[in-house]
Amino acid sequence: MGRPRKDAFDEATSLRVLRAAEQVFGERGLRSARLEDIAGMAGISRPSLLYHFGSKDKLYAQVVKRAFDEIREALGVALVPPTAENYGEVVMAVVQSLLDLEQKHRALLGVVLRTMLEPGSASYDVVVEEFGRIVTTLVTFVETYGKDRLAPGVTARDAILQLIVTYLARMSMGGLGGQLWQQEVVDIEPTVRALLLR
């Protein structure tokens, strides 16, 4: 049996590093994260990590890029043009797709939120731009297909931002979020229905 191709090894190693970095950055943020911890979690040395990513800031930027790639993919699967009859089903499919993403990559959402809260940090401008695009995509969808289903006096942008920001805050709080909301798993369906599916 021959040695694995270098590019195949690099891809597998890079993915392990990204997953480890996602976890560490999501828990500790950019400043408190240590490359040694990420490398150890990925099963490689710190020099090998630096070989693949160059610096902590570059690794963080790749984690942020991956977060938005995952979010766009989740939206792309669920966000299909609805009919008048199935608009509510499509909205709930989008919500479920994002909830599934959160279960699969909880730390990624922590990375996004932490970056949003640190103007001037590495990748802040990328997060602002990417987050803005996602919000605009969702707002356009609601305004195009469900404007008449919005809660009275609520704009599509207000509803989308309220749902996203509340959910990001809840997920980033971990156990504290469960205490404040007085439940371990937050059922956002009633809020989605109240804001978007009147």
Side-chain angles (χ1 to χ4, degrees), residues 1-79 94 96-138 161 164-178 184:
M1 186 155 99
R3 293 175 62 192
R5 290 186 352 251
K6 184 178 185 331
D7 59 337
F9 177 76
D10 287 347
E11 185 175 330
T13 301
S14 295
L15 186 56
R16 281 198 326 271
V17 171
L18 285 170
R19 286 182 180 153
E22 168 188 320
Q23 188 68 35
V24 173
F25 287 139
E27 291 172 0
R28 302 179 197 166
L30 175 63
R31 290 186 182 97
S32 298
R34 294 174 19 146
L35 289 178
E36 292 80 6
D37 296 337
I38 295 168
M41 190 180 286
I44 62 172
S45 67
R46 186 177 187 274
S48 182
L49 183 147
L50 289 170
Y51 168 78
H52 286 285
F53 292 95
S55 71
K56 187 161 84 166
D57 284 344
K58 287 179 181 177
L59 175 58
Y60 192 82
Q62 285 298 312
V63 170
V64 169
K65 179 187 180 305
R66 183 169 184 252
F68 284 103
D69 288 347
E70 293 276 342
I71 293 169
R72 273 193 300 277
E73 183 179 328
L75 287 176
V77 168
L79 202 57
V94 169
Q96 189 58 55
S97 182
L98 293 173
L99 291 174
D100 292 345
L101 173 67
E102 181 270 325
Q103 289 300 313
K104 186 177 170 187
H105 295 289
R106 178 168 283 192
L108 279 178
L109 298 181
V111 169
V112 169
L113 186 61
R114 283 178 180 273
T115 305
M116 288 169 58
L117 297 175
E118 294 182 18
S121 67
S123 301
Y124 176 78
D125 292 338
V126 172
V127 168
V128 169
E129 182 178 333
E130 292 287 349
F131 190 72
R133 283 184 187 153
I134 288 168
V135 169
T136 298
T137 297
L138 293 171
L161 284 171
I164 291 174
V165 172
T166 300
Y167 190 71
L168 279 174
R170 164 64 176 94
M171 290 301 101
S172 68
M173 290 180 185
L176 176 59
E184 279 305 308

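Residue numbers start at 1 and run along the sequence shown.
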Donor-acceptor contact below 3.5 Å, side chain R46 vs main chain E36: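 Side chain of R46 to backbone of E36, a donor-acceptor pair under 3.5 Å: no, none is there.
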Please confirm whether the backbone N or O of S48 pairs with a side-chain atom of S45, one donor and one acceptor, at under 3.5 Å?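 Such a contact is found between S45 side chain and S48 backbone.
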V63 vs R66, test: side chain to side chain contact (heavy atoms under 4.5 Å, CB included). Steps then yes/no. CA-CA 5 Å; V63 170; R66 183 169 184 252; 5.6 Å; no
Run the salt-bridge test on K65 and D69 with the 4.0 Å N-O cut-off and return the result as yes or no.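 A salt bridge links K65 with D69.
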Heavy-atom check, side chain of D37 versus side chain of R28, under 4.5 Å: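 Side chain of D37 against side chain of R28, heavy atoms only: contact under 4.5 Å found.
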With a 4.5 Å limit on heavy-atom distance, are the side chains of F131 and I164 in contact?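 They are in contact (side-chain heavy atoms under 4.5 Å apart), so the answer is yes.
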Where do [X] and [Y] come nearest, in terms of heavy atoms and distance?
| X | Y | result |
| --- | --- | --- |
| A33 | K56 | O-NZ, 2.8 Å |
| A74 | S97 | O-OG, 2.8 Å |
| S55 | K58 | OG-N, 3.1 Å |
| V111 | E22 | CG2-O, 3.9 Å |
| T115 | Y124 | O-CD1, 3.2 Å |
| I71 | I134 | CG2-CD1, 3.3 Å |

Pairwise distance CD(E129) to CZ(F68) - rounded to 0.5 angstrom: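 Here the interatomic distance stands at 10.0 Å.
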If I take atom CG from residue L49 and atom CZ from residue R16, how far apart are they, to the nearest 0.5 angstrom?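 Taking CG in L49 and CZ in R16, the distance rounds to 11.0 Å.
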